[in-house]
Amino acid sequence: MKQLIWLAVMLFAWLIAARPAVAQKSYETLLQQLKKHPKADTVRAELLIDACVAATFRSDTTVLKMATEANRIANTLGYELGQIRSLNCLGNYYFSRSLNDKATQYYMQALRLAEKRGDYRNIVIGKSNLANVFSNNSDTARSFRRLARAVHLMLANTNTVSQNRAAILTNLANAYAQQKEYVKTIQVYEQVLHICRSQGIGFGIALTLDNIGKTYYDLGQFTKALSYLEEAKTEIERHHVDFVRAKNLNNLGRTYLSLDNIPQSLRYFRQAEAIARQTGDNEGLMDIYFALQQSYRKSNDFKAAYMALNQYISLKDSLFTIQKDKTIQELNTKYETEKKDYAIRTLAQQKQITELESERKTGLIYTILAIVVALSVVAYGLFARFRSRKQRELLTTQLQEAERRIAIEQQARDSELKALKSQMNPHFMFNALNSIQEQFMYGDKQVANEQMGNFTYLTRQILQVSGKKKISLATETDILTKYLELEKMRFPQDFTYRITLSDDLDEDYHQLPPMLVQPFAENSMKHGLLHKPGPKELSITFALSEDEAFILCTVEDNGIGRARSAEIKQQKGPARHVSFSVSATEERLKLLDQSGSSQPMVQFDDLVFPDGSAAGTRVTIRIPLG
C-alpha cells in the first residue's frame, strides 16, 4: 500500500510543476542555463522551478535550495504564478520526505494564491496536493472530498485528456487502493495508462504499469501481475525511472515467489537488495529481507533463511529504536523550550511592574515640587495640587489595571501549562509505544507500522499546535482521530468511535483552542468504557450554537456511568494521582468566554435506561468562537 501511495505522489509531483505547452528540458541543460542567467528575474525563477521538476526522480539535495530561491525571487517581483509553482515545489520536497505538516503548509499557501487569482489549473493542483497529504495520513474521507472537487473543476472546464487528469486519476486510484477496492483501483489505473500513452508520458507509463501489477498481486492474480510488472521493468529501464527500480524488482520477486519460481524470485530480490543498500532505503531493505527469508525457506536453504530473518529483525529494531528516540528527544526539546519561554515572559512582566512603580515614585516627587511652588503662588499652587492628585489617581488606576491583567494572563498561562502537561501524558505515550512494540513482536506487522505512523504524527501535531492560540476544526478532529486509534489498541475488538461535524460548520474555517476535547475523550474511555463488558461506543459531535457564538461539542459514551466509576475508584483505595486535565480545560474555557454568560462551559449528564440503570455519560462543552 505504501508503494502505491509513493508512486502516485511522485507522478503527481512531476505533473503539477510542469508548465503546459512547454517542452521539458533535461536537468543538466537547465543547470547550464541557470549558470548563464544569474539575474534575479522571472526567467531565472522559471528555470529554477523547471530544474526542481526535472530533479524529481533524482533525490537531489539541491532541490530545496532551488525552490527556496525561486520563491524568494517571485515574492520580491510580485510574480504570483512563480510564487504558486515554487510553493508547490517546496511542498513536494517536504512531502517526499514524509514531513506532511510542512508540506501541507506550503500546499495551502499555493492554493490560497491560486484561488485569489482564479487560476483554475492551479486550484485543481492545490486540491489534489492536499488530497495526497490526507491519503498519506490514511484520512481517506477528506482525500476523496478534495479529489471530487478537483474532478468537478476539470469536467467543468472540459479537461478530459491531459497530464493533470492523469495525476488526479492516479490519486483517486490510490484512494481506492487504500480502501482495498482493487477492482475499482485497476479500472482507474487503466484510464491513467491510456492518457499517459496518448500523451507520451514515459515515466507515467512505467509507474502506472507497476501500480497495476502490484494491484493484481494484491488480488491474488499472480500471472496477470507478472505480465504488468515485467512490462513496467522494461519501461523503467527505457525511461531511467531509477527511484522505483528497487520496488519494481521487489514486486517481481514476490510475484515469482507466489508462483513457486524460487530461482527467479531470489534473483530479483538480490538485485532489489543491492539497489536499496546503495540508495540507503532502509524501510525497503527491511521488506526485501523478509521476502528473502520466505524464498530461502521454500528452497530449503534454512541457514540463508535464518540469516535473512536476522537481518530483517535487526533492521526493524534499529528503525523502531531510532524513531522512538527521535520522538522522545522532540518532546524533551519542546518541554525545555517552553520552560525557557515561560521564564522570559515572567522576567518581562516583572520589569513592567518595576517600571510602573518607578513612574509612581516619580509622580510623588512631582507632587512635592508642586506643593513647594504652591506656597509662593497660592492660586497656582492649588491648581497644581489638584492636577497632581488627579495624576496620582490615574497612575494608581493604571497600575491596578496592569496588575489585574498580569494576574489574568498568569492564570491563563498556568491553565495552558496544565493542559499541555495533560496532552503530553507520559503514561499514554508509554502505553502506546508498548502496545505498538507488542504488535511488532506478536501481532500484525502492518497494523504495527500504521500505528507507529499514527503515534509519530500525533506527537508531531501536539508539538506543533501546543504553542498556538487556535487551530482549525479539521486539525483538531485529525488529532482526535489519531489519538483514538492509538487508544483503541488497549481494548479488544469491541471498541468503536465516531466523530461527526454538523453541516453548518466549516472544518477549515472555524477554529478553536488546541486539544480541548481530548481530556474528555480520555475520561470517557478510562472511567466509563474500560470497565464495561460488551460493545463500547464513543461519539464526539461538533455543532454550531443558535447564536453562532459557540461551538457545541458533545462527548457521549455508553459506559458504566459516573456513579459506578466512583465506586470502583473507592474500592481501589485512596487516589494516588489527582487528574487536572478536565479542570484545566474548564479554566481555559472560562478565560476565553467574553460574553459574560452565566451558563456553564462544561455540563455533565448521566444517561439512564428506562429501568433506571446507567446507560452512559454525556458531556457538553461550550467553546467560544470570539
Side-chain angles (χ1 to χ4, degrees), residues 1 134-135 137-145 175-176 178-181 425 427-429 431-436 438-439 442-455 457-458 461 473-503 505 507 515-543 552-562 564-565 568 581-582 604-609 613-621:
M1 190 65 64
F134 295 138
S135 179
N137 285 335
S138 301
D139 192 348
T140 309
R142 293 175 73 186
S143 177
F144 264 123
R145 287 202 297 272
Y176 281 129
Q178 280 190 288
Q179 293 186 325
K180 299 184 179 180
E181 297 185 26
N425 190 325
H427 296 289
F428 159 69
M429 291 189 291
N431 291 336
L433 286 173
N434 277 348
S435 297
I436 295 170
E438 185 175 351
Q439 285 288 334
Y442 307 109
D444 189 330
K445 305 299 187 296
Q446 184 174 355
V447 171
N449 277 321
E450 291 174 355
Q451 295 299 355
M452 190 64 207
N454 282 344
F455 180 81
Y457 177 81
L458 177 62
Q461 284 292 85
L473 187 55
T475 303
E476 175 75 5
T477 56
D478 193 25
I479 294 175
L480 274 175
T481 300
K482 294 297 184 291
Y483 167 76
L484 291 172
E485 281 296 322
L486 286 169
E487 285 285 16
K488 192 174 181 180
M489 291 189 294
R490 299 173 57 193
F491 294 89
Q493 298 300 319
D494 57 358
F495 171 65
T496 58
Y497 68 90
R498 181 175 66 257
I499 300 177
T500 308
L501 275 68
S502 64
D503 293 337
L505 282 174
E507 62 182 4
M515 299 293 287
L516 271 179
V517 184
Q518 180 268 341
F520 298 96
E522 179 183 0
N523 268 12
S524 290
M525 289 184 289
K526 181 177 180 181
H527 302 297
L529 298 176
L530 189 61
H531 302 290
K532 180 185 184 300
K536 304 170 179 63
E537 299 176 358
L538 178 65
S539 172
I540 301 176
T541 304
F542 292 90
L552 301 180
C553 176
T554 304
V555 181
E556 183 173 327
D557 64 70
N558 67 338
I560 62 176
R562 292 192 296 168
R564 178 57 182 156
S565 175
I568 293 175
S581 56
V582 173
F604 291 84
D605 294 311
D606 296 317
L607 308 178
V608 295
F609 289 112
S613 60
T617 305
R618 179 191 300 121
V619 184
T620 303
I621 311 162

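Computation of the quantities below employed the complete heavy-atom set of this structure, encompassing side-chain atoms and omitting hydrogens, waters and symmetry-equivalent molecules.
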For [X], give me all partners under salt bridge (Lys or Arg N to Asp or Glu O under 4.0 Å), at least two apart in sequence or on another chain.
X      : value
Glu556 : Arg618
Glu181 : Lys184
Asp606 : Arg562

Hey, could you give me the [atom1]/[atom2] distance between [X] and [Y], rounded to the nearest 0.5 Å?
X      : Y      : atom1 : atom2 : answer
Thr475 : Leu480 : OG1   : CG    : 11.0 Å
Ile568 : His531 : CD1   : NE2   : 4.5 Å
Ile540 : Gln518 : CD1   : CD    : 10.0 Å
His527 : Ile560 : NE2   : CD1   : 10.0 Å
Thr477 : Lys482 : OG1   : NZ    : 9.5 Å
Glu476 : Leu501 : CD    : CG    : 10.5 Å

Set of side chain to side chain contact (heavy atoms under 4.5 Å, CB included) partners for Ala474, sequence neighbours left out: Arg142, Ser472, Glu507, Asp508
With sequence neighbours excluded, residues passing side chain to side chain contact (heavy atoms under 4.5 Å, CB included) with Thr496: Glu537
Within-4.5 Å side-chain heavy-atom neighbours: Ile499 and Leu484: yes
Residue pair [X] / [Y]: nearest heavy atoms and the distance that separates them:
X      : Y      : answer
Leu529 : Phe495 : CD1-CE1, 3.8 Å
Gly559 : Lys532 : CA-CD, 3.8 Å
Gly561 : Thr617 : CA-OG1, 3.8 Å
Val517 : Val555 : CG1-CG2, 3.9 Å
Leu530 : Lys536 : O-CE, 4.5 Å
Pro519 : Met515 : CD-O, 3.6 Å

Residues in ring-ring contact (aromatic ring centres under 6.0 Å, His included) contact with Tyr497, at least two apart in sequence or another chain: none
Flag, side chain of Asn558 to backbone of Pro535, donor-acceptor distance under 3.5 Å: yes
